[in-house]
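For the numbers below, each heavy atom of this structure counts, side chains included, while hydrogens, waters and symmetry mates do not.
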Amino acid sequence: AFIPQNKKVEYFNLIWTMKEAVFKHYGSDLEFRRQIRIQPFVLDNENNGTALVETMDSTHEIGLKWMRIEDYFLTYLE
């Protein structure tokens, strides 16, 4: 709901890289769709975000940072 219509592709690409960074940190036991939730953010005003990761026994809040390199995003955990 927080994604502007005119920037869907950019947001979806960035969200994918955010989830991929979390997935690589936690390992392949996580389900992208169900266990990694990216919290709302503003693409143009921030270079950081938050992911909620739901494991079997708890929920973890993970800080994320990103940078844009031409048409690509590089995302990493804080």
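Between Leu64 and Glu78, the closest heavy-atom pair is N-OE1, 4.0 Å. Scanning all heavy atoms of the two residues, the minimum distance from Arg37 to Glu54 falls at NH2-OE2, 2.6 Å. Here the closest heavy-atom approach between residue Gln35 and residue Thr55 is recorded as NE2-CA, 4.1 Å. The shortest non-hydrogen separation linking Ile3 to Phe12 is CD1-CE2, 3.3 Å. Leu77 approaches Val22 most closely through the heavy-atom pair CD1-N, 4.1 Å.
Rounding to the nearest 0.5 Å gives a distance of 11.5 Å between CD1 of Ile36 and CE of Met18. Rounded to the nearest 0.5 angstrom, Leu30 CG and Lys24 NZ are separated by 14.0 Å.
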Open item on the list: Between Phe32 and Trp16, is the ring-ring contact (aromatic ring centres under 6.0 Å, His included) condition met? List the steps.
Closed with: CA-CA 9 Å; Phe32 260 53; Trp16 180 267; 4.9 Å; yes
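In the displayed structure, Phe2 atom CZ is contacted under 6.0 Å by more than 12 heavy atoms of other residues, nucleotides or ligands. The 12-atom threshold is not exceeded at CG of Asp71, counting heavy atoms of other residues, nucleotides or ligands nearer than 6.0 Å.
The side-chain heavy atoms of Asn13 and Thr17, taken from C-beta on, include no pair separated by under 4.5 Å. By the 4.5 Å heavy-atom criterion applied to side chains, Phe73 and Met67 are not counted as neighbours. Side-chain atoms of Gln39 and Leu52, non-hydrogen and from C-beta on, do get closer than 4.5 Å to each other. Taking the side chain as every heavy atom from C-beta outward, Ile38 and Lys19 approach each other to under 4.5 Å.
Ring-plane geometry between Tyr11 and Phe41 is classed as parallel, the angle between the planes falling under 30 degrees on a 0 to 90 degree scale with a further cut at 60.
Of the listed residues (Leu43, Asn47, Leu14), just one forms a side chain to side chain contact (heavy atoms under 4.5 Å, CB included) with Arg68, and that residue is Leu43.
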